[in-house]
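Below: the structure, in structure tokens.
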Amino acid sequence: HLVMNALLNMYSTLRSLEDVRKIFINMPERNIVAWTALIDAFLQHGCKADALQYLRHMQGEGVFPDIVFLLTIMSACSEAATLSQGRQLHVSILEMGYEFDIFLRTALVNMYGNCGVAEDACKVFAQPFEQNVVLWNSFISLHTQLGLDDDALQHSNRMLLEGVLPDRVTFLHGLSACANKSDIVEGIKIHILALSVISGLDVMLGTSVVYMYGKCGHLEAAWQAFLHLHDRSVVSWNVMLGVLTQHGEFLKAFNLFGAMQKQGVLPDVFTFVHVLEACLGPAALTEGEHLHTYIVEMGLESEVAVGTALVNMYGKCSGIEGACRMFEEMPKHNVVSWNTIIMAHVQRGKHRDAFQLFTEMHSKGISPD
RNA sequence: UCCGUAUCAUUAUUCG
């Protein structure tokens, strides 16, 4: 069993889901660890529906869950449609007497938060059991996700008052709350506190600092923070690019894009969206077309956000025909890409075409927002 | 009783 389970786990990170399933099916006896590994493999690949299917399968075979299994499957319940499953898991937890387990309580807070029932998440959090920084972090992020940035900051302060030491994740949430509400005063406080608590900010934290200063409108501070980063991930570059374009520094954005490539950092979806945003008008058409080829070479042209940014770019640089051609080339659409092409027509006074596109969107089963 | 466990930074559309 041990060997088979270990094998299963290895394959789940290295090989395809098909291989994992084959190994699982060929196992002579499947214990709870094997089931956990199988479901975890599907979750790693983002197949939450399949994971929940296997949960039913397992229940059908009379295998009983344990703590680790419950933790694993709980992350499959992350949207409103899965709330009832999540509640059932909560019942199982209570039945098995696991309600004091802090890992499970953290998972429950996340599950209820992601399913859109913050009230229930708060109830779990408020239980007078053991608390630690991870549980607090989950509770805090529940609020930032809902845009309740003031509450998030208040709760972090309450956590400090209760003597729980913040960690890097606490600071990540704090900085992002400050970024969202453009609170530079609180942001600087958190930046300084992080520097004193954590020896050497890691890439994520450093990047969050850049983001916070940028969102608060402090371009120079963001730039300095970016320059002082010891390591830069692709996200770090993307954040700085976004800050520059948001401040209208399009030339600097292009230069940074060049510097990024010189460093050998591979651009991703976010990178292209930002750089395309820097293509302001007809003068940037050549640059935009160049980016388009690059995007195709990297196989990113099927990403909706990239396609939408391209539609926008062609609209600004070459006119409505180019935008329409790009829109039609896109394999997938969502409400934002439709909005983009509709507004491109409205802004040029082509109201009839805009309305026709609107009804076309409706006929494709996409509801307006 | 050995294998599996919780929180984690950046995107696109609007004289909105």
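Numbered from 1 within each chain, the chains take letters A, B, ... in sequence-line order. Fair warning: this is a prediction, and the values are worked out from it, not measured in the lab.
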Describe the nucleic acid contact of [X] in one word from base, sugar-phosphate, nothing, applying a heavy-atom distance below 4.0 Å.
{"X": "A:Arg105", "answer": "nothing"}
{"X": "A:Asp101", "answer": "nothing"}
{"X": "A:Ser233", "answer": "base"}

How would you list all residue pairs meeting ring-ring contact (aromatic ring centres under 6.0 Å, His included) that involve residues 97-122 of chain A, not counting sequence neighbours?
-> A:His90-A:Tyr112, A:Phe100-A:Phe129

ring-ring contact (aromatic ring centres under 6.0 Å, His included) contacts touching residues 263-286 of chain A (sequence neighbours left out) | A:Phe272-A:Tyr294

For [X] and [Y], does a side-chain donor sit closer than 3.5 Å to a side-chain acceptor?
{"X": "A:Gln224", "Y": "A:Glu220", "result": "yes"}
{"X": "A:Lys215", "Y": "A:Ser182", "result": "no"}
{"X": "A:Asn110", "Y": "A:Ser138", "result": "yes"}

Kindly indicate whether the side chain of A:Cys115, heavy atoms from C-beta on, has any atom under 4.5 Å from the side chain of A:Glu79.
-> no

Do A:Leu266 and A:Met298 come close enough that some side-chain heavy atom pair is under 4.5 Å?
-> yes

When only distance counts, do a donor and an acceptor, one from the side chain of [X] and one from the base of [N], lie under 3.5 Å apart?
{"X": "A:Asn334", "N": "B:A12", "answer": "yes"}
{"X": "A:Ser236", "N": "B:A9", "answer": "no"}
{"X": "A:Ser208", "N": "B:A9", "answer": "no"}

Rounded to the Å, how far apart are A:Leu241 CG and B:U10 C1'?
-> 10 Å

What's the CD-P distance between A:Gln246 and B:U10, to the nearest Å?
-> 12 Å

Under the salt bridge (Lys or Arg N to Asp or Glu O under 4.0 Å) criterion, do A:Arg87 and A:Asp120 qualify, and how do the steps go?
-> CA-CA 10 Å; A:Arg87 287 198 194 283; A:Asp120 298 71; 3.0 Å; yes

Taking ring-ring contact (aromatic ring centres under 6.0 Å, His included) as the definition, give me every residue that meets it alongside [X], ordered by chain and number, with sequence neighbours left out.
{"X": "A:Tyr213", "value": "A:His191"}
{"X": "A:His143", "value": "A:Phe139, A:His155"}
{"X": "A:Phe226", "value": "A:Trp223, A:Trp237"}
{"X": "A:Phe327", "value": "A:His333, A:Trp338"}

For A:Ser337, which of A:Val335, A:Asn334, A:Asn339 qualifies under side chain to side chain contact (heavy atoms under 4.5 Å, CB included)?
-> A:Asn334

If you link I, L, V, M, F, W and Y whenever their side-chain heavy atoms are under 4.5 Å apart, who else ends up in the same group as A:Leu161?
-> none

With rounding to whole Å, what would you report as the distance between B:G16 and B:A12 at their C1' atoms?
-> 16 Å

Please work out whether the ring planes of A:Tyr54 and A:Phe24 are parallel, tilted or perpendicular, with thresholds of 30° and 60°.
-> perpendicular

If you take any heavy atom closer than 4.0 Å to RNA chain B, which residues from [range] end up in contact?
{"range": "residues 72-98 of chain A", "answer": "none"}
{"range": "residues 263-272 of chain A", "answer": "A:Val269, A:Phe270"}
{"range": "residues 171-189 of chain A", "answer": "A:Leu172, A:His173"}
{"range": "residues 126-141 of chain A", "answer": "A:Asn132, A:Val134, A:Asn137, A:Ser138"}

Please enumerate all protein N or O atoms sitting under 3.5 Å from an N or O of nucleotides 14-16 of chain B, with distances to 0.1 Å.
unit_1, atom_1, unit_2, atom_2, d
B:C15, OP2, A:Gln347, NE2, 2.7

Check whether any side-chain N or O of A:Tyr211 sits under 4.0 Å from OP1 or OP2 of B:C8, and answer yes or no.
-> no

